[in-house]
**Student:** 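One structure follows; several queries about it will come next.
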Amino acid sequence: MVAYLATHVGSGAYNLVLLARARAPEPVRGRPPRVLFWVLLAAVPWIVGALLPQQVRLALWTVAAAVEMLGVLLSWPTPWARQRLAPPPVQVGERVSERYRQFVIIALGVAIFLTGRAYSGSAHRLADTLALAVVFGTTVLIWRIYIHRAGELMTSGIAESSNPWRRSQLTALVHLVLVSGILGTAAANELVIARPFGATPAATAMLIFGGPALFLFGRLLLDRIVFARLDRPQIVGLVGLLVLAPTATVLPPMMSALVVLAVLTGVAAVNLLLTRAHLPMPAPHAG
């Protein structure tokens, strides 16, 4: 948390001083203090949450993240400047979409790290090893589903839009949903390895099905932004997870994880079959 806030506040303060010394035009100089205002506003729940118990911390950190995203959506209004900022020039090349892909790669790296840590702390029984294989397979499928089509065409989807700045903002928000789903799945992976069999508490059941479901929801939104349509296999997969979720409370954790693995395998397999059938890849939506 200290590193996160130091990076945000430090970069904002640096830009503020640098642009002032360079005597940049007013529209350029006016952006850093407004962004810094919202960063400092969000810093309060970030810091307070870090000092409080986990239950309260999660709520405050959710508020902090919402404040930061609200600032972006509203173009950082402040008490001294309430008008919306003009959209900045957007670099629509590979760098933008690559940055978003890196968010997902980092989240998947966290998932793999937590999975490995959970297994290293287990008794290495056969059940633990099987649970490791199941949850690792889920992580691999999440990456495959993410990168399929829309993940590959984000660059052109942003570049060919009539409003690249708006498209870039929406894509960033969608990746927040995707990363949240991946991290929820990572937490579920730990719980499944720690206790592959036995009763499944409601909170564990929600994570096992909710993390992948949230990821698929974000993935549907990404298709909607890039192609202006929704992917049918992903819709079926999301509905399947939601319909099957109540069974998690009567199944052992690993069996629930197997159900999730089967659903994601179906989504990835159907998408692969459609691609190999040489169906035309939809063009990015320019609206």
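As a basis for the values below, the full set of heavy atoms in this structure was taken, side chains included, without hydrogen atoms, waters or symmetry mates.
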**Student:** Remaining members of L207's ILVMFWY cluster at a side-chain heavy-atom cut-off under 4.5 Å?
**Tutor:** L191

**Student:** Taking only residues two or more places apart in sequence or in another chain, which ones pass side-chain hydrogen bond (donor to acceptor under 3.5 Å, both in side chains) with R232?
**Tutor:**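 In terms of side-chain hydrogen bond (donor to acceptor under 3.5 Å, both in side chains), with neighbours along the sequence ignored, R232 is linked to no residue.
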
**Student:** For Y146 and H175, take the angle between the two ring planes, folded into 0 to 90°, and tell me which bin it lands in: parallel under 30, tilted 30 to 60, perpendicular over 60.
**Tutor:**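 Aromatic pair Y146/H175 classed perpendicular.
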
**Student:** Please list, one pair per line, the donor and acceptor atoms closer than 3.5 Å that link side chains of residues 254-268 to other protein atoms, with sequence neighbours excluded.
**Tutor:**
{"from": "T265", "atom 1": "OG1", "to": "L261", "atom 2": "O", "distance (Å)": "2.7"}

**Student:** Tell me, do Y119 and T129 make a side-chain contact under 4.5 Å, heavy atoms counted?
**Tutor:** yes

**Student:** Side-chain donor-acceptor contacts of residues 176-188 below 3.5 Å, not counting sequence neighbours, with atom names and distances?
**Tutor:**
{"from": "S180", "atom 1": "OG", "to": "L176", "atom 2": "O", "distance (Å)": "2.8"}
{"from": "T185", "atom 1": "OG1", "to": "G181", "atom 2": "O", "distance (Å)": "2.8"}

**Student:** Listing request: all ring-ring contact (aromatic ring centres under 6.0 Å, His included) pairs with a residue in residues 190-215, at least two apart in sequence or in separate chains.
**Tutor:** none

**Student:** Could you list the donor-acceptor pairs under 3.5 angstrom formed by side chains in residues 240-249, with sequence neighbours left out?
**Tutor:**
{"from": "T247", "atom 1": "OG1", "to": "L244", "atom 2": "O", "distance (Å)": "2.5"}
{"from": "T249", "atom 1": "OG1", "to": "P246", "atom 2": "O", "distance (Å)": "3.1"}

**Student:** For R125, does its backbone N or O pair with a side-chain atom of D128 as donor and acceptor, under 3.5 Å?
**Tutor:** yes

**Student:** When you compare the side chain of L272 with that of R144, does any pair of heavy atoms fall below 4.5 Å?
**Tutor:**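 A side-chain contact exists here, since the closest heavy-atom pair is under 4.5 Å.
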
**Student:** Take R195 and T200 through the test side chain to side chain contact (heavy atoms under 4.5 Å, CB included) and record every step on the way to the result.
**Tutor:** CA-CA 9 Å; R195 189 179 182 184; T200 304; over 6 Å; no

**Student:** If we only count heavy atoms from C-beta on, is the I208 to P253 side-chain gap below 4.5 Å?
**Tutor:**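 When only atoms from C-beta onward are counted, P253 and I208 do touch, with a gap below 4.5 Å.
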
